[in-house]
Amino acid sequence: MIWLLIKLYFAVMIIISLISYLLFWYEEGSRPYGPHPGVCTRAGCILRGLGMSLMSLAVVTTTYLLGFLPARVHAGKNRSATADNPPILFVHGLYHNASAWFAYRRWFRQAGFTNLHSFTYMSFGTNFDQVVSRLEENIARLEKSQPEHKPVLIGHSLGGLAIRAWLSHEDNEKRVAGIITLGTPHQGSKLAGLSTNTLCRSIIFRGPLIRTIEANDISPSIPCYSLSSALDNMVLPQEGLHIRNAAWIEERTPLVSHIGMLYHKPTARQVLGILRDIVEELVEPCDVLAGVEAGEDR
């Protein structure tokens with residue numbers, strides 16, 4: 001019975017990957033993606049994406065239960081926050097949990113970023129506003145424990161959309177140092193229409209939720225980056241990855257599947273490069289101010 005369930009599960013994973021890339025090929029094969037060139041619909045690219053999708057789904061399966069461990073286990077040994085080592089809050093996407101970031105946590109620690117935080121929200125029996133509320137709770141908790149340093153928010157897929165919605169509330173942009181989203185459906189995805197899940201269906205391509213988020217959008221004064229892959233198989237059409245907000249900076253990652261972004265070291269290096277740029281903006285004003293004060297003392 002157990003082996004039958006395992007075989008059934010892997011069969012479902014293969015079917016999901018195949019269908020998503022067949023739809024990707026159908027959707028993108030006949031038209032270019034305006035502001036983001038480089039969508040690859042050649043057979044070689046599709047096979048690459050299919051392989052990455054299958055591998056990443058296998059990793060999700062083997063690590064998923066780790067997401068239900070206590071938050072302190074995920075955090076590990078956090079060094080105190082400093083200007084060049086700010087708190088970082090990871091926000092996972094739909095149907096995932098805090099385990100999504102196990103590879104990023106490792107790579108970030110190796111790069112010297114050791115103040116890492118994440119949390120889990122449920123994808124079933126939850127609506128989008130509740131996800132945003134959970135995000136607010138965790139940011140408030142960080143502010144209380146580390147009031148001297150603003151966090152950097154990093155969100156994958158729906159997690160990035162929740163961050164963007166949270167950013168538009170009141171003066172929230174003053175509470176964070178920067179934002180990075182990965183594979184976020186800023187205009188939604190047509191694939192959401194295939195789901196029976198309320199939270200998933202809410203992010204349908206240019207649907208009511210997306211229109212509300214765009215209507216409430218602000219032009220942030222903090223650095224906000226949206227990273228996307230030209231081989232993303234879960235955000236269709238690819239135009240859904242484009243954020244219609246000129247204040248955001250958009251970058252392409254290497255060719256990688258939607259979930260594969262979480263386990264792809266070159267993509268993580270790109271995120272770390274952006275994070276270092278954000279940190280430099282945090283550190284430089286302090287250095288300038290210190291120089292001025294030193295001159296006054298002399």
Side-chain angles (χ1 to χ4, degrees), residues 13 17 20-21 24 36 38-40 44-67 73-79 84-118 151-160 163 178-184 223-235 238 241 249-280:
M13 286 200 302
S17 295
S20 65
Y21 270 109
F24 173 91
H36 281 306
V39 176
C40 191
C45 286
I46 298 297
L47 289 174
R48 171 188 170 91
L50 182 60
M52 296 184 83
S53 178
L54 288 171
M55 285 190 291
S56 59
L57 284 172
V59 174
V60 169
T61 302
T62 55
T63 61
Y64 190 82
L65 291 178
L66 297 175
V73 176
H74 295 292
K77 294 182 179 179
N78 282 340
R79 280 194 355 227
D84 58 357
N85 184 31
I88 296 168
L89 180 61
F90 293 113
V91 188
H92 68 82
L94 193 67
Y95 302 132
H96 217 154
N97 60 28
S99 68
W101 302 103
F102 85 91
Y104 269 62
R105 282 194 292 268
R106 180 167 179 256
W107 293 328
F108 273 47
R109 289 186 184 282
Q110 290 173 346
F113 294 101
T114 60
N115 203 288
L116 309 176
H117 307 266
S118 58
V152 176
L153 309 183
I154 300 178
H156 175 247
S157 194
L158 181 116
I163 290 172
I179 289 170
I180 305 171
T181 67
L182 295 163
T184 290
C224 293
Y225 289 80
S226 174
L227 275 60
S228 62
S229 166
L231 206 53
D232 192 308
N233 58 315
M234 292 295 175
V235 182
Q238 280 263 309
L241 294 163
I249 300 168
E250 293 186 285
E251 291 187 7
R252 279 299 207 186
T253 68
L255 293 176
V256 63
S257 67
H258 183 76
I259 300 175
M261 301 181 91
L262 295 169
Y263 313 111
H264 190 237
K265 197 167 186 178
T267 299
R269 286 199 200 102
Q270 186 175 352
V271 175
L272 282 166
I274 293 170
L275 181 57
R276 291 188 184 100
D277 289 341
I278 292 173
V279 166
E280 284 180 10

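This one's a predicted model, so the numbers in the text were calculated from it and none came from an experiment. As a basis for the values below, the full set of heavy atoms in this structure was taken, side chains included, without hydrogen atoms, waters or symmetry mates.
Taking Ala58 as the reference, nothing meets the side-chain contact (heavy atoms from CB on, under 4.5 Å) condition, with sequence neighbours excluded. Partners of Arg276 according to the side-chain contact (heavy atoms from CB on, under 4.5 Å) rule, which considers only residues two or more places apart in sequence or in another chain, are Ala111, Phe113, Leu272. Residues passing the side-chain contact (heavy atoms from CB on, under 4.5 Å) test with Thr181, sequence neighbours excluded: Ile179, Thr184, His186, Ser226, Trp248. Qualifying side chain to side chain donor-acceptor pair (under 3.5 Å) partners for Tyr263, counting only residues two or more places apart in sequence or in other chains: none. Applying the side chain to side chain donor-acceptor pair (under 3.5 Å) rule to Thr63 yields no partners; only residues at least two apart in sequence or on another chain are considered. The side chain to side chain donor-acceptor pair (under 3.5 Å) test applied to His258 returns Ser157, Asp232, not counting sequence neighbours. When the ring-ring contact (aromatic ring centres under 6.0 Å, His included) test is applied to Phe90, the partners found at least two apart in sequence or on another chain are Trp101, Phe108. For His264, the side chain to side chain donor-acceptor pair (under 3.5 Å) partners are Thr267, not counting sequence neighbours.
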Going by atom type alone, with no hydrogens or angles, which donor-acceptor pairs under 3.5 Å involve a side-chain atom of residues 46-56 and a protein atom two or more places apart or on another chain?
unit_1	atom_1	unit_2	atom_2	d
Arg48	NE	Leu255	O	3.1
Arg48	NH2	Leu255	O	2.9
Ser53	OG	Ser17	OG	2.9
Ser56	OG	Met52	O	3.0
Ser56	OG	Ser53	O	2.9

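Of all non-hydrogen atoms in Leu227 and Met261, the two that sit nearest each other are O-CE, 4.1 Å. Here the shortest heavy-atom pairing between Leu94 and Leu158 reads N-CB, 4.0 Å. Closest non-hydrogen pair, Met13 versus Leu57, comes out as SD-CB, 3.4 Å. Closest heavy-atom contact between His92 and His96: CE1-O, 3.0 Å. Pro86 and Val279 make their closest contact through CD-CG2, 3.8 Å (heavy atoms, listed as atom of the first residue, atom of the second, distance). The minimum heavy-atom distance linking Ala230 with Gln238 is given by the pair CA-OE1, 3.5 Å.
Under the 4.5 Å side-chain criterion, counting only non-hydrogen atoms from C-beta, Val60 is not in contact with Tyr95. Taking 4.5 Å as the limit, some side-chain heavy atom of Val59 sits within range of a side-chain heavy atom of Phe102.
No option in Asn115, Leu116, Leu153 other than Leu153 meets the side-chain contact (heavy atoms from CB on, under 4.5 Å) test with Leu89. Residue Ile180 is tested with Ile154, Ile163, Ile249 for a side-chain contact (heavy atoms from CB on, under 4.5 Å); the sole match is Ile154.
The backbone N or O of Leu231 lies less than 3.5 Å from a partner atom in the side chain of Tyr21, making a donor-acceptor pair. Panel note: side chain Asn85, backbone Thr114; a donor-acceptor pair is recorded below 3.5 Å.
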After noting the C-alpha distance and the side-chain angles of Glu251 and Ile274, does the key distance pass the side-chain contact (heavy atoms from CB on, under 4.5 Å) rule?
CA-CA 10 Å; Glu251 291 187 7; Ile274 293 170; 3.6 Å; yes
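Distance CG/Leu66 to CG/Asn97: 8.5 Å, rounded to 0.5 Å.
In this structure, a donor-acceptor pair under 3.5 Å is absent between the side chains of Arg252 and Ser229.
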